[in-house]
Amino acid sequence: MATTGVRETAGIDLSDLTFWSRSPERRERAFERLREREHPAFFPELKLPFIKTGPGYYALVRHADVVGASRDPRVFSSEPCSNSVADLPRYMARYFGSMINMDDPRHAKIRRIVSRAFTPRVLAKLETDLQAGATRIVDDVLAAGPGDFVTDVAARLPLQVICDMMGVPERARPMVYARTNIILGLGDPEYTGGREFVRDGITRPGVLYGLTRAMTAGYELNHLAMKLARARRREPGDDLVSALVTANVDGESLTDQEIGSFFILLVVAGNETTRNAMSHGLKLLTDNPEQRALLLEDFDGRIAGAVEEIVRMATPVIQFRRTVTREHEMNGHLYRPGDKVLLFYNSANRDGTVFKDPGVFDITRSPNPHVGFGGPGPHFCLGANLARREITVMFRELFDRVPGIRSSGEPDRLYSNFINGVKHLPFTY
């Protein structure tokens, strides 16, 4: 039986961004210690400039707790905020607040509108475009030679697909890519210019610069979306923005501002998570040659399992927040109204009580009840099937035409407590 003293969490502070600069192995050892605790650990919130923070949050790190909270949105609410530990101030929520920060019934109604872009019929129509995009990417790889897998391969296909779905013109797509990097790379100096956080939880002035850049990026993406919305109101097409501007929710149409926030959610989620899964996937298949050989022996028969295992091991989204609405006991702990909890999907996906040898990459793993697309419930990733198709099509094209492709160095990892990102990954063939 695990004990509940402070020993289990000594040296662990999930709110200190320097924790997230540790190697993946060191971080996983820390989460293993947290999973061994009898009750969830509580961490004070990181202090941020010009943002009101609360006392802290409980870290849900076990698979059962993450799944349980995901399935019970009446207790573990996504309102007022799920994508930030601190409640977003209004000047930020106008850009980064969206349906992921809503509960049913409004969340369900808006999700039904957006889900029109992710039906099996629509995804089947996308198959030709996906294949054409993957073919162009591999053509370029063969022409240019070895390079950076993230920028040359993994980032290109999901960016193309989501921008096609949203009707984003070609000239604006480099801007969309750059701004999504800034928004999700808030703590990373390469993207935002912000400096590191000091260990006592007080931020250096450079973080304010990073927040300012993120706000500017949100404004620019929001402005692009509102321009698209105004154009589609005048002349609707068959893209997702047209579906949003013509939709009716509770007797009201969505405002351009609301469409802008959904646009930011979709381009960020549609680009970042899939490209990171692809990048982690190449590294995993390189580091595990026996699994790579197994996949190539029967690509069509094993790629589905390989994709699920890549997503489990990579867990592109590290965590989301929930806020407790009423007294609730789970796993022996009593939560009270107003308590914040963070659902750590990365830890749940390495829970040894659910996954045998959780640190082993096994493309034949079955069952594989990972939460890499979020936990079960109303906020399960809307684009999960699209992501699966993108990864499948891209790897099929690569291994058919560049069978020797492999990573040739260590990934340059994103400095983030939210996204398990890969900024750069050298590859050769």
Side-chain angles (χ1 to χ4, degrees), residues 21 23-25 130-162 173-174 177-178 180-181 184-185 188 190-191 270-300 302-316 360-363 372 387-416 419-429:
S21 67
S23 69
E25 293 76 20
L130 283 175
Q131 184 57 56
T135 299
R136 284 195 299 272
I137 291 168
V138 175
D139 287 344
D140 292 343
V141 166
L142 290 171
D148 181 347
F149 187 77
V150 177
T151 57
D152 297 349
V153 180
R156 292 180 57 186
L157 189 62
L159 177 69
Q160 171 199 311
V161 170
I162 202 68
R173 297 184 182 192
Y177 174 71
T180 58
N181 282 341
L184 288 180
D188 194 295
E190 178 175 342
Y191 293 141
N271 289 330
E272 294 287 338
T273 54
T274 309
R275 89 177 194 190
N276 287 316
M278 287 182 188
S279 301
H280 283 287
L282 181 68
K283 178 65 173 167
L284 287 164
L285 290 166
T286 300
D287 291 349
N288 298 273
E290 75 290 347
Q291 295 296 305
R292 177 195 181 103
L294 199 62
L295 174 61
L296 296 187
E297 282 176 9
D298 181 10
F299 185 91
D300 288 337
R302 293 180 176 139
I303 185 58
V307 169
E308 298 306 312
E309 183 69 345
I310 287 169
V311 173
R312 181 187 76 86
M313 293 289 285
T315 313
V360 173
F361 178 59
D362 179 6
I363 67 171
R388 292 177 174 119
R389 289 306 304 150
E390 290 175 346
I391 298 168
T392 298
V393 169
M394 194 70 254
F395 277 134
R396 176 184 285 114
E397 189 71 9
L398 283 169
F399 289 128
D400 278 352
R401 299 176 58 196
V402 198
I405 190 169
R406 64 187 186 279
S407 61
S408 57
E410 290 302 308
D412 182 5
R413 299 181 183 277
L414 182 70
Y415 189 27
S416 172
I419 296 292
N420 186 22
V422 178
K423 298 186 294 182
H424 307 287
L425 179 67
F427 76 93
T428 189
Y429 55 85

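Values in this document were obtained by computation on a predicted structure and should not be read as measured data.
Remark: of the listed residues N288, D287, L295, N288 is the sole one forming a side chain to side chain contact (heavy atoms under 4.5 Å, CB included) with Q291. Looking at T151, N271, D140 one by one, the single match for side-chain hydrogen bond (donor to acceptor under 3.5 Å, both in side chains) with R156 turns out to be D140.
Two residues are said to be in side-chain contact when any heavy atoms from C-beta on lie closer than 4.5 Å; R388 and V311 fail this criterion. Between E397 and I137, the closest side-chain pair of non-hydrogen atoms is not below 4.5 Å. Under the 4.5 Å side-chain criterion, counting only non-hydrogen atoms from C-beta, V138 is in contact with L398. Between E190 and Y415, every side-chain heavy-atom pair lies at or beyond the 4.5 Å cut-off. Residues R406 and Y429 are not in side-chain contact: their nearest non-hydrogen atoms beyond the backbone lie 4.5 Å or more apart. Counting heavy atoms from C-beta on, the side chains of I310 and M278 never come closer than 4.5 Å.
Here the shortest heavy-atom pairing between R292 and G404 reads NH2-C, 3.6 Å. Residue L285 comes nearest to F361 through the heavy atom pair CD2-CE2, 3.8 Å, listed as atom of the first residue, atom of the second, then distance. In terms of heavy atoms, T135 sits closest to R401 at O-NH1, 3.4 Å. Here the closest heavy-atom approach between residue N276 and residue P316 is recorded as CB-CB, 4.4 Å. Scanning both residues, E309 and D362, for their nearest heavy atoms gives OE2-N, 2.9 Å. Between G147 and D152 the shortest heavy-atom distance is CA-OD2, 3.6 Å.
The CG atom of L159 sits 7.5 Å away from atom OG1 of T180, with the distance rounded to the nearest 0.5 Å. From I419, atom CD1 reaches atom OG1 of T315 across 11.0 Å, with rounding to the nearest 0.5 Å. Atom CE of M313 is separated from atom NZ of K283 by 12.0 Å, given to the nearest 0.5 angstrom. Here I303 contributes atom CD1 and I363 contributes atom CD1; the two are 7.5 Å apart, rounded to the nearest 0.5 Å. Atoms CG and OG, from D188 and S416 in turn, are 8.5 Å apart once rounded to the nearest 0.5 Å.
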I would like to know whether L130 and E390 meet side chain to side chain contact (heavy atoms under 4.5 Å, CB included); could you show each step before the answer?
CA-CA 7 Å; L130 283 175; E390 290 175 346; 3.7 Å; yes
Could you walk me through whether H280 and L425 pass the side chain to side chain contact (heavy atoms under 4.5 Å, CB included) test, one step at a time?
CA-CA 9 Å; H280 283 287; L425 179 67; over 6 Å; no
Can you check side chain to side chain contact (heavy atoms under 4.5 Å, CB included) on R413 and N420, steps first, answer last?
CA-CA 8 Å; R413 299 181 183 277; N420 186 22; 4.3 Å; yes
Could you go through the side chain to side chain contact (heavy atoms under 4.5 Å, CB included) check for D412 and V422 one step at a time?
CA-CA 6 Å; D412 182 5; V422 178; 6.0 Å; no
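Checking side-chain atoms of R275 against main-chain N and O of P158 turns up no donor-acceptor pair under 3.5 Å. No side-chain donor-acceptor contact under 3.5 Å links D148 to the backbone of H424. When atom types are taken as modelled, the side chain of T428 and the backbone of P146 share no donor-acceptor pair closer than 3.5 angstrom.
Every residue two or more places apart in sequence or in another chain that forms a side chain to side chain donor-acceptor pair (under 3.5 Å) with R389 is listed here: E127.
Using bins of under 30°, 30° to 60° and over 60° for the plane-to-plane angle, the ring pair F427/F149 lands in the perpendicular bin.
Side-chain atoms of Q160 and R136 include a donor-acceptor pair closer than 3.5 Å.
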